[in-house]
There are 2 protein chains.
Amino acid sequence: MATLKEISAELGLSVTTVSRALNGFPEVKEHTRVKVRETAERMGYRPNRIAQRLVTGRSGMVGMIVKIKPDMSADQTFFEMLTGLTAALASRDTDLVLAVDQDSDPVTPYKKLLERDILDGFILNAPIVDDPRVTFLQDHGVPFVMHGQDRPDPTYPSFGIDNAQVSAQSVKLLANLGHKRIALINDELRHAYASERRSGFHAAMEQRGLSTDYVQNSATLESHGYMHALDMLSGSAPPTAFICASTVVAAGVMKAVHDRGLRVPDDISVMAHDDALPLTRAINFDPALTVTRAPLRDACSPLANILLDHLDGKPARELQVFQDIETIVRGSTGPAPKEV
Amino acid sequence: MATLKEISAELGLSVTTVSRALNGFPEVKEHTRVKVRETAERMGYRPNRIAQRLVTGRSGMVGMIVKIKPDMSADQTFFEMLTGLTAALASRDTDLVLAVDQDSDPVTPYKKLLERDILDGFILNAPIVDDPRVTFLQDHGVPFVMHGQDRPDPTYPSFGIDNAQVSAQSVKLLANLGHKRIALINDELRHAYASERRSGFHAAMEQRGLSTDYVQNSATLESHGYMHALDMLSGSAPPTAFICASTVVAAGVMKAVHDRGLRVPDDISVMAHDDALPLTRAINFDPALTVTRAPLRDACSPLANILLDHLDGKPARELQVFQDIETIVRGSTGPAPKEV
DNA sequence: TTCAAAATTCAAAACGTTTTGGAAAAAAAT
DNA sequence: ATTTTTTTCCAAAACGTTTTGAATTTTGAA
């Protein structure tokens with residue numbers, strides 16, 4: 001493995017110039033830059049990352065803690081994120097170090113990884129409302145990027161979707177179809193995103209003078225979707241439309257509608273937010289699911305870049321980006337049924 | 001963050017001595033060692049890993065490639081390994097870098113990660129027979145440890161169970177109970193472990209003069225276990241006992257036995273190999289499952305240590321360790337039924 | 001031609017550790 | 001009292017890069 005010194009010796013140049021030539025500094029003659037590039041290539045030069053890191057004070061490694069559910073079941077979103085993040089980080093010479101959260105206290109795994117004293121920053125995901133990890137990391141001056149936001153006006157870099165907007169768009173679509181009684185099958189409210197969706201839902205409904213009687217916040221399982229929908233549909237003035245936290249929940253809701261002897265979309269409209277995970281594809285529903293859509297995969301590259309930009313000194317307030325959400329109308333939504 | 005230099009200045013010692021005192025070298029007076037330790041502690045000294053790595057030529061990072069199934073579903077074993085490995089590696093100041101295998105060619109992801117030129121070695125798992133990754137890594141002189149073995153007498157460090165022994169023990173247990181027609185519901189033969197189990201099964205059966213008519217090698221899904229068992233049980237001289245590749249397969253087999261109107265263990269004995277994954281616990285079966293048992297979690301620490309010992313120069317032939325397997329008799333096995 | 005300005009190059013320091021080859025001090029042997 | 005051995009310590013080099021501050025060369029204008 002060739003080093004800068006060897007290249008400089010080969011060319012009769014100084015190490016400085018070789019370094020600058022390869023790193024694209026302006027103060028090196030084009031002629032020499034070409035020559036340096038050529039011999040570097042020829043000698044199979046590859047910068048020693050460790051040496052780079054020693055002198056720059058950066059480790060080139062960022063951490064992420066994987067939260068495992070009590071049953072050790074793997075989160076489907078995890079591999080989606082892992083795939084995207086490692087690719088995005090690699091393109092900026094950064095590696096992802098993983099650790100598993102088995103502790104009850106949410107900050108302990110971060111503390112542990114931090115003690116190893118090797119990380120430049122963290123990527124956080126799945127924020128809960130007023131996330132304790134935020135306080136901890138900020139107190140310790142550790143840079144991080146959050147996928148989502150744990151509070152309305154955060155002071156840290158973040159990337160995510162506008163969840164209030166998700167609800168607003170969903171309500172708008174359904175209200176325009178004439179629906180009045182719209183249900184929200186939401187995630188547990190401790191999840192920041194669920195809290196935002198709820199606020200957005202309430203705001204959008206109240207703006208139209210619609211009541212928000214049908215809201216449930218619980219774990220996003222198919223079975224829960226099924227249960228809640230069944231329950232709501234057996235009331236005296238049942239909802240005519242469901243907004244679901246995820247496509248998985250929508251699957252449960254649709255099953256409940258079916259089991260009630262009702263049809264989608266004729267009797268009941270169903271829509272969901274779609275992270276575009278490969279396993280549960282909205283297009284494969286019958287009828288195909290109307291969704292607000294923001295592929296999780298699309299978040300990976302921005303998350304990586306935001307964190308690395310932040311490490312390069314870019315201030316947090318310039319690094320709070322929202323992902324676009326698409327509304328895709330498919331077969332599972334239709335005009336509200338005539339009132340009897 | 002204090003450095004060695006600062007500590008040496010504080011104590012009027014040389015950097016050398018401080019370094020040696022902290023690293024437990026013998027040639028430093030006990031008195032000074034104590035003093036150095038104290039001030040290091042007091043000044044909050046933590047060795048700069050990057051600097052250590054630059055001078056030692058090691059990066060302190062090992063890689064692992066996660067193979068994702070086509071449906072992107074998460075492998076249950078993955079989190080089990082991730083948890084154990086990160087903990088074991090951390091205790092020897094090593095980090096785990098993950099990448100996801102999405103390619104069709106099994107060596108490409110290794111090549112890619114190698115190009116980043118930052119890893120000390122790899123941890124491989126799930127070997128297939130004559131695994132191409134072995135050839136590739138050995139050709140490139142990259143150290144690795146394999147969880148399992150891809151060939152009978154490997155030249156690389158490895159840790160795993162003796163899969164022939166798994167079959168041997170299972171057959172022995174069942175044969176001693178009087179079973180003659182024993183089925184093996186095995187994984188696909190390209191998996192090295194499945195191939196070994198098959199050989200072991202054949203050897204053990206033939207040694208007892210028993211025929212090996214009932215063998216199926218296919219993906220270890222519950223549905224496959226169900227299918228194959230149902231199929232075998234409808235033959236003219238059906239098996240009286242099943243050896244299953246995993247507890248998941250056993251679940252399917254038991255269901256099939258039940259659906260055939262037969263009882264476990266009165267009519268049919270069922271046993272399996274148990275990796276002791278938290279999700280599918282053999283003890284929760286009804287009746288509780290007789291198993292050969294070797295917790296996957298127990299493999300993590302040895303795997304980490306074997307790789308790191310190898311990196312420290314220990315030769316491969318001293319680093320081929322087999323994990324003990326336990327045979328645990330529970331309710332799912334019993335004496336062979338009397339022949340009609 | 002001459003001189004200032006711009007462009008290009010370089011030597012050396014720095015990052016924080018480990019390791020090498022001695023040197024000084026203390027202890028033991030002569 | 002001198003030499004030898006052992007113990008304890010140290011200065012300096014090394015790892016491979018980036019960066020600083022200055023030196024050299026080239027260019028352009030006077």
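No hydrogens, no waters, no symmetry mates; every other heavy atom, side chains included, goes into these values.
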Worksheet item: What class does the angle between the rings of Phe79(B) and Phe79(A) fall in, given that below 30° is parallel, 30 to 60° is tilted and above 60° is perpendicular?
Response: perpendicular
Discussion item. Assess whether a salt bridge exists between Glu30(A) and Arg33(A), defined as any Lys/Arg side-chain N lying under 4.0 Å from an Asp/Glu carboxylate O.
Written reply: yes
Practice prompt. Evaluate the salt bridge (Lys or Arg N to Asp or Glu O under 4.0 Å) criterion for residues Arg58(A) and Asp312(A): first the C-alpha distance (whole Å), next the side-chain angles of each, then the deciding distance (0.1 Å), finally the verdict.
Written response: CA-CA 10 Å; Arg58(A) 293 257 295 264; Asp312(A) 285 342; 2.9 Å; yes
Worksheet item: First and last nucleotide of DNA chain C touching chain B, 5' to 3', heavy-atom cut-off 4.0 Å?
Response: dG16(C) to dG21(C)
Worksheet item: Do Tyr193(B) and Ile161(B) touch side chain to side chain, with heavy atoms closer than 4.5 Å?
Response: no
Worksheet item: Base, sugar-phosphate, or nothing: which does Glu27(A) touch, judged by heavy atoms less than 4.0 Å apart?
Response: base
Worksheet item: Rounded to whole angstroms, how far apart are NZ on Lys5(B) and C1' on dC10(D)?
Response: 16 Å
Practice prompt. Starting at atom CG of Leu13(B), determine the distance to atom P of dC9(D), rounded to an integer number of angstrom.
Written response: 7 Å
Item to complete: Assign Thr3(B) to base, sugar-phosphate, or nothing according to its heavy-atom contacts below 4.0 angstrom with the strands shown.
Response: sugar-phosphate
Worksheet item: Across the strands shown, which category fits Arg49(A) at heavy-atom distances under 4.0 angstrom: base, sugar-phosphate, nothing?
Response: nothing
Fill in: Most 5' of Arg33(B) and Gln52(A) on DNA chain D, judged by nearest nucleotide
Arg33(B)
Practice prompt. Map Ala51(B) and Phe25(B) onto DNA chain C by nearest heavy atom, then report which one ends up closer to the 5' terminus.
Written response: Ala51(B)
Worksheet item: Is the backbone N or O of Phe136(A) less than 3.5 Å from a side-chain atom of His140(A), with the two atoms forming a donor-acceptor pair by type?
Response: yes
Worksheet entry | Inter- and intrachain pairs under salt bridge (Lys or Arg N to Asp or Glu O under 4.0 Å), touching residues 7-28 of chain B, at least two apart | Glu10(B)-Arg42(B)
Worksheet item: Within the side chain of Asn48(B), is there an N or O that forms a donor-acceptor pair under 3.5 Å with the backbone of Ile50(B)?
Response: yes
Worksheet item: Has Asp324(A) got more than 12 heavy atoms of other residues, nucleotides or ligands less than 6.0 Å from its CG?
Response: no
Fill in: Spacing of Arg20(A) atom CZ relative to dG21(D) atom P, expressed in whole Å
12 Å
Discussion item. What does the 5'-to-3' dot-bracket notation of DNA chain C look like when only Watson-Crick and G-U wobble pairs under 3.5 Å count, and pairs to other strands show as |?
Written reply: ||||||||||||||||||||||||||||||
Practice prompt. Report yes if some heavy atom in the side chain of Leu308(B) is under 4.5 Å from a heavy atom in the side chain of Leu89(B); otherwise report no.
Written response: yes
